[in-house]
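Okay, structure first, notes after.
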Amino acid sequence: MLIGRPLRTALRSAATAALAGLLIWPGAASAGAATGTPASPSAPAAPSSKAAAASAPELLLGQSTRGAWDDFNSFGQNADGGSVYYELRSGDWVNSAHRDFATLLADQGKTVQIGISWKDNPPGFNGGDENAKAARSRAVTAEIAAGGHTASLDRLLAFTNSHPSARFKLRLDYEVSSFYHCTDASCSSYKGAFNRLASYLDGRSTAHNLDYVFHPVRGEFEAMYPGDAAVDWMGVSVFAHELCLPIHDRGYLYNGTPPQNYDVGASQCRNAYIGTDQHGNPAAVWRNFDHDANVLKLVKFAKDHGKPVVLSEAGMMNFTADGGTTDGLEQQRGDLWVKRLFSLMNYRGPIPNLPGEHDLRGVIRSVVYINLDFRYGWDGIDDGSFDFAPDTTWFVDGRLSRYTAARASFCQGLTANGFTARCR
């Protein structure tokens with residue numbers, strides 16, 4: 001049974017109040033002084049998302065501009081929506097292109113994933129290195145938990161309320177981490193901020209078309225989890241290492257140290273799960289994996305908590321040496337990447353460091369494919385010069401229209417997994 005909005009808002013308000021007692025402000029006490037965490041409900045809350053209850057998974061196209069949408073529509077149709085960003089500091093869309101893409105989608109009643117960010121440009125940050133920016137981001141997180149910065153969401157609320165037929169997945173910051181969001185070991189700052197923002201938005205939403213996405217970096221999902229009452233979706237980014245593929249940045253970077261923890265020839269991670277020996281006793285069993293251990297554990301965690309997963313950012317990277325070419329295409333590795341992406345949706349098998357077999361099929365219900373040419377920057381707009389140098393991490397053209405095998409595998413994956421989106 002779905003949780004009603006008034007009850008859900010009340011639960012979030014209660015969680016916010018509970019977390020406020022745990023919150024440690026920077027400099028107010030030594031790190032780790034607060035050790036308590038709020039108790040989780042005795043049973044996981046059923047997902048309140050419309051998409052989670054729907055039979056078909058959804059395809060969203062990102063990010064930032066309608067270029068991703070137009071490229072997909074050159075060979076496909078019926079995508080469910082897209083992805084854009086909104087900034088807490090300015091209280092506005094990152095730029096007009098994000099607003100225009102969101103409007104294009106919302107006017108059609110589509111799903112719009114919106115990353116509400118403060119870590120990239122924290123309010124009150126006036127310069128300094130990444131450590132200084134992260135310190136300010138942590139302070140802003142604590143300020144949000146205490147009730148600050150909520151007015152910066154009013155422009156967004158006006159937009160979502162004016163599009164009642166659309167659905168909005170709101171990432172309350174994205175790729176969140178202890179470095180940018182936790183003021184102490186309990187991370188009550190981010191948990192409180194998530195609950196505070198969700199409660200504020202829910203209480204002022206007249207369209208009741210908002211879902212809240214918890215999107216952590218790999219490996220920190222359990223420590224930072226805001227609670228079952230607050231979270232509608234769990235998000236994760238899937239680029240290269242998440243699918244055990246290498247990154248080429250003037251040399252190969254692997255998800256593990258070859259040969260013990262990475263098989264270079266197979267482009268697979270190597271990890272041990274807990275199996276049994278010849279006597280039936282627990283024993284480490286080594287094998288190759290197509291998927292990162294922390295990604296599999298996050299999907300399992302989501303399943304255990306009754307939450308659907310959205311692959312909030314899924315896109316190709318520079319997998320191989322460019323060899324003097326500048327087209328940014330990954331024809332061979334791109335096809336392998338697509339096949340592993342869809343195999344993640346249907347994973348059933350062991351998980352590193354855990355015992356038993358795990359069936360994760362059907363947990364991932366939404367995929368945001370970044371269908372852009374990253375050679376020209378995060379918006380993928382060709383302005384006449386590359387934003388990233390050849391042979392580096394983000395020098396890749398991820399537009400599916402430019403591929404043959406990868407596009408065919410993507411189209412096959414849509415059909416095989418029951419997406420409404422299809423290729424022509």
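The structure displayed is predicted, hence computed values, not measured ones.
When the side chain to side chain donor-acceptor pair (under 3.5 Å) test is applied to S152, no partner is found at least two apart in sequence or on another chain. Taking the side chain to side chain donor-acceptor pair (under 3.5 Å) definition, one finds that W337 meets it with nothing, sequence neighbours left out. Take D379 and apply the side chain to side chain donor-acceptor pair (under 3.5 Å) test, not counting sequence neighbours, and it matches no residue. Remark: E242 engages R218 in a salt bridge (Lys or Arg N to Asp or Glu O under 4.0 Å) (not counting sequence neighbours).
Among residues at least two apart or in separate chains, side chain to side chain donor-acceptor pair (under 3.5 Å) pairs with a member in residues 67-76 are R66-D70, D71-N371, D71-S401.
Electrostatic pairing of E313 and R171 counts as a salt bridge here, judged by a charged N lying under 4.0 Å from a carboxylate O. Residues D335 and K339 are paired through a salt bridge, judged by an N-O separation under 4.0 Å between the basic side chain and the carboxylate. In summary, R340 and D290 engage in a salt bridge, as defined by a charged side-chain N under 4.0 Å from a carboxylate O. By the 4.0 Å N-to-carboxylate-O rule, D373 lies close enough to R399 to be salt-bridged with it.
A centroid separation of less than 6.0 Å is found between the aromatic rings of F301 and Y225. Taking the six-membered ring wherever Trp is involved, the centroid distance between the rings of Y376 and F386 falls below 6.0 Å.
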Side-chain donor-acceptor pairs of residues 95-102 under 3.5 Å, sequence neighbours excluded:
unit_1	atom_1	unit_2	atom_2	d
N95	OD1	A97	N	2.9
N95	OD1	H98	N	3.2
H98	ND1	Y85	N	3.1

